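Note that this is a predicted model, so its numbers are computed, not measured. Below, chains carry the letters A, B, ... as their sequence lines are ordered, and counting in each starts from 1.
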2 protein chains.
Amino acid sequence: MTDSRLTSSMARLLAVLEPHAVVTDLYSERGSEVYDAMTRGDDSEVREILRIGRRTEGRILELACGSGRLTVALGRLGRETVALDSSPRMLELLEGRAQRAGAKVLPVLGDMSAFDVDGSFGLIVLAATSITLLPPPRRRTMLEAVRAHLAPDGVFLVSVHSTGAYTGGAETRLVPLNADPVEVVILDEQVDSTAGHRDVSVLHLRRQAGVRTTEVFASRVNLLDETQLRAELSTAGLRVRDAFPVRLADGSQSLSMLECVR
Amino acid sequence: MTDSRLTSSMARLLAVLEPHAVVTDLYSERGSEVYDAMTRGDDSEVREILRIGRRTEGRILELACGSGRLTVALGRLGRETVALDSSPRMLELLEGRAQRAGAKVLPVLGDMSAFDVDGSFGLIVLAATSITLLPPPRRRTMLEAVRAHLAPDGVFLVSVHSTGAYTGGAETRLVPLNADPVEVVILDEQVDSTAGHRDVSVLHLRRQAGVRTTEVFASRVNLLDETQLRAELSTAGLRVRDAFPVRLADGSQSLSMLECVR
């Protein structure tokens, strides 16, 4: 329970609800399942990505695809779609989603900061601000790999928090997942501007047949805003051709989607 | 548990944590105590109110004073300060606060939409957007009573949500209250623009000697923004002389403070 990655409010809440709970990584096997349930029905960024994606040609690569919330939409474009993630469980969940949706997707287990896939891509996507999962040195190698895998007329779409969107402090969301058995998630985020990271704590509560289960997951991501990312893209030889704001489905944060070319 | 005033997310959370919990009004005796604990240390609006208050002369009246978060600051101005609230428990808590702070305050039990206090006041305060506790007909009688109790050069200070600040939807906060015994509050708000109200659900969780207690409180307030309030003030014969933005301590919402005269 004394996991330093928990937000201070979540640590206090856990001390009331389940003082002996063990904190698990959000990208663990079980964390992946909860993450998948949380993102079901979330269509943030889908429209924006498809609008740009339709203007591109050839194979599609999605980095940090997770359980395939966006991959499935990309797969429906009918082009070869490769989905890369570092969590085997996320890729299993993605295969299930893709099958149910009739989308053709090729899951690949790998590290987005050091990937090497045969051939080039007309569209590479790194959405949901997942670029913040990487510290600066790995962002650099990731962007180099993106550039190396981009077709001459290919587009790299990456989303990031708009500059100034993070004012610090905390943000909480209460997300009902399921009615029977009843399942709820409490998500709490806390920005530490000095340390340069943001902690995300996810509490999953479930009651079935009178028994309550409490699970808690944590993830620490790096702070990165549009201004800084633009500088890093430029260093990696990627040019921002267009940028547009994206609003998350729950209206909670403002993102920028950058459309980059070689 | 099927209290229709609970936000939908809070109802779901309760179904996991305490399916048989009884929902109590936030202005009940016990609700008053939790409200008091939640507002401890919150200094929202204090600076703005004192800045204007110092420019006025004579007796001070605070409407919907609650447990005295602002009253105590007003009482320190050294002028006769009358504090009106409809909850006896809130006024008890206020007396304790005032005593500890050495502020001279006169608590009065009453309904702010139909009050009658002897004499007139140089400053009347209705802060914390508590005007939204009243439906339109009672806002009208409250504003008439304010006008009747205002000295010729008196000032009425009232805070309200800035126009456009409510986009609908839900907002959640996770508030640690105390470390030992550990106490946490989860506050969830939900706006129903069609019905014209906002529901506030407060879940209070506490663990002491291994025993967890769960209490839940609800309050339904009316939607009212600055544009509408300005119209109602004008109808009641109160002129807005100045208006300035107020940011809550937790940065969560934008308020406007209106400085009104006869």
Side-chain angles (χ1 to χ4, degrees), chain A residues 1 6-21 165-191 199-216 247-254, chain B residues 1 6-21 165-191 199-216 247-254:
Chain A
M1 224 285 301
L6 281 187
T7 65
S8 52
S9 299
M10 185 60 84
R12 200 65 75 81
L13 177 60
L14 257 196
V16 177
L17 290 182
E18 203 70 45
H20 305 296
Y166 269 147
T167 53
E171 185 170 304
T172 308
R173 272 187 292 154
L174 182 52
V175 189
L177 292 188
N178 203 30
D180 187 20
V182 59
E183 278 182 87
V184 179
V185 154
I186 298 175
L187 186 143
D188 193 50
E189 299 194 351
Q190 186 174 303
V191 172
D199 283 320
V200 181
S201 297
V202 173
L203 182 71
H204 179 258
L205 299 164
R206 185 174 194 270
R207 182 181 287 268
Q208 188 165 25
V211 179
R212 199 191 81 207
T213 52
T214 306
E215 294 171 291
V216 64
R247 208 137 169 91
L248 297 192
D250 67 2
S252 61
Q253 284 166 328
S254 283
Chain B
M1 224 287 300
L6 281 186
T7 65
S8 52
S9 300
M10 185 61 84
R12 199 66 75 80
L13 178 59
L14 258 195
V16 176
L17 290 182
E18 203 70 47
H20 305 297
Y166 268 147
T167 53
E171 185 170 304
T172 309
R173 271 187 294 153
L174 181 53
V175 189
L177 291 189
N178 203 29
D180 185 21
V182 59
E183 279 183 87
V184 179
V185 154
I186 298 175
L187 186 145
D188 193 50
E189 300 194 352
Q190 186 174 302
V191 172
D199 284 321
V200 181
S201 297
V202 173
L203 182 71
H204 179 257
L205 300 164
R206 186 175 194 270
R207 180 181 288 268
Q208 188 165 27
V211 179
R212 200 190 79 206
T213 53
T214 307
E215 295 171 291
V216 64
R247 218 153 155 82
L248 297 192
D250 66 1
S252 61
Q253 284 166 329
S254 283

For chain B, find which of A/V175, A/N178, A/L177 contributes the most heavy-atom pairs closer than 4.5 angstrom. A/N178
What are the two closest non-hydrogen atoms of A/E183 and B/R12, and how far apart are they? O-CG, 4.4 Å
Does any backbone or side-chain atom of B/R206 lie under 4.5 Å from a heavy atom of chain A? Answer side chain, backbone, both or neither. backbone
Does the side chain of B/V16 come within less than 4.5 Å of A/R207's, by heavy atoms? yes
Go through it in stages, so that I can follow the logic: the residues are A/T172 and B/I186, the test is side chain to side chain contact (heavy atoms under 4.5 Å, CB included), and I'd like the CA-CA distance, side-chain angles, deciding distance and then a yes or no. CA-CA 9 Å; A/T172 308; B/I186 298 175; over 6 Å; no
From the list B/L17, B/V184, B/L174, the residue making the most non-hydrogen contacts under 4.5 Å with chain A is B/L174
